[in-house]
Amino acid sequence: DQQVKQNSPSLSVQEGRISILNCDYTNSMFDYFLWYKKYPAEGPTFLISISSIKDKNEDGRFTVFLNKSAKHLSLHIVPSQPGDSAVYFCAAKDGGSQGNLIFGKGTKLSVKP
Amino acid sequence: KAGVTQTPRYLIKTRGQQVTLSCSPISGHRSVSWYQQTPGQGLQFLFEYFSETQRNKGNFPGRFSGRQFSNSRSEMNVSTLELGDSALYLCASSFLPSGRGTEQFFGPGTRLTVL
């Protein structure tokens with residue numbers, strides 16, 4: 001049973017517009033969430049994170065929103081750039097000291113010029 | 001500062017063989033985690049080592065094992081390879097054990113193909 005779900009395998013957006021990537025989770029013990037970006041032939045790189053005590057975290061063009069009641073988070077990229085084209089992974093961690101990262105299957109974002 | 005390095009980058013093996021993958025973390029990092037990435041399953045956690053001790057283990061069969069050395073370098077071993085073991089194996093390092101606020105830095109991965 002998947003605890004972290006990214007239901008859209010792919011997303012195509014025009015350059016300059018907003019990209020919205022969604023992620024749902026089932027485990028109410030998760031209290032820390034991360035987004036990673038992955039280019040082909042490279043390992044994932046950390047983008048942005050959010051703690052469950054917040055509902056929004058912003059870093060430049062990237063904003064993550066957390067809706068705890070809906071067990072849903074989203075990553076907004078504004079404005080989208082062709083260099084943002086990559087696979088984006090949502091990950092979650094529970095509050096325990098032994099908690100490891102649980103990843104979604106990823107969403108492939110294509111930003112067209 | 002050099003990033004996480006993984007060797008080899010590509011590997012082809014046949015069913016029944018065993019394989020050892022290596023990961024060198026960022027200098028000063030003492031935690032190393034291993035993940036398996038497949039198209040159908042995304043990234044799945046294998047295990048984490050910190051200061052030469054396994055802290056956490058994912059839901060993988062005993063054919064998958066690992067260890068960490070005193071210099072924090074880690075190896076992962078898969079015995080009796082199966083076709084389904086074909087995947088990208090990623091290693092990630094962090095200064096502290098995995099936990100809230102601890103960012104993990106990933107290596108480029110080792111692409112294992114089992115024929």
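Below, chain A is the first sequence line, B the second, and so on; all start at residue 1.
A/Phe65 and A/Tyr25 fall into different hydrophobic clusters, where Ile, Leu, Val, Met, Phe, Trp and Tyr side chains are chained together by heavy-atom contacts under 4.5 Å. Residues B/Phe106 and B/Leu112 do not share a hydrophobic cluster, defined by chaining ILVMFWY side chains whose heavy atoms lie under 4.5 Å apart. No continuous path of hydrophobic side-chain contacts links B/Val4 to B/Met76 [ILVMFWY only; heavy atoms under 4.5 Å]. The hydrophobic cluster containing A/Trp35 also contains A/Phe30, counting ILVMFWY residues as joined when their side-chain heavy atoms lie under 4.5 angstrom apart, directly or transitively. Linking Ile, Leu, Val, Met, Phe, Trp and Tyr residues whenever their side-chain heavy atoms come within less than 4.5 Å leaves B/Val32 and B/Phe50 in two separate clusters.
For a residue to count as touching a neighbouring chain, one of its non-hydrogen atoms must lie under 4.5 Å from one of that chain's; by this rule B/Gln37 touches chain A with the side chain only. Only the side chain of A/Tyr36 comes within contact range of chain B, judged by heavy atoms closer than 4.5 Å.
Between A/Leu101 and B/Phe45 the shortest side-chain heavy-atom distance does not fall below 4.5 Å. Residues A/Thr45 and B/Glu103 are not in side-chain contact: their nearest non-hydrogen atoms beyond the backbone lie 4.5 Å or more apart.
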Q: Walk me through it: do B/Leu88 and A/Lys38 pass the test side-chain contact (heavy atoms from CB on, under 4.5 Å)?
A: CA-CA 13 Å; B/Leu88 179 68; A/Lys38 185 180 185 300; 3.9 Å; yes

Q.
Let's go through B/Tyr35 and A/Phe103 carefully: what are the C-alpha distance in whole Å and the side-chain angles of both, what is the deciding distance for ring-ring contact (aromatic ring centres under 6.0 Å, His included) to 0.1 Å, and is it a yes or a no?
A. CA-CA 10 Å; B/Tyr35 295 86; A/Phe103 283 84; 5.4 Å; yes

Just distance, no hydrogens or angles: give the donor-acceptor pairs under 3.5 Å from side chains in residues 10-22 of chain A, sequence neighbours left out.
{"from": "A/Gln14", "atom 1": "NE2", "to": "A/Pro113", "atom 2": "O", "distance (Å)": "3.1"}
{"from": "A/Ser19", "atom 1": "OG", "to": "A/Ser80", "atom 2": "OG", "distance (Å)": "2.6"}
{"from": "A/Asn22", "atom 1": "OD1", "to": "A/His72", "atom 2": "NE2", "distance (Å)": "3.2"}

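Taking all atoms of both residues into account, the shortest heavy-atom contact from A/Gly43 to B/Leu90 is CA-CD2, 4.0 Å.
In this structure, the side chain of B/Arg9 engages the main chain of A/Ala41 through a donor-acceptor pair within 3.5 Å.
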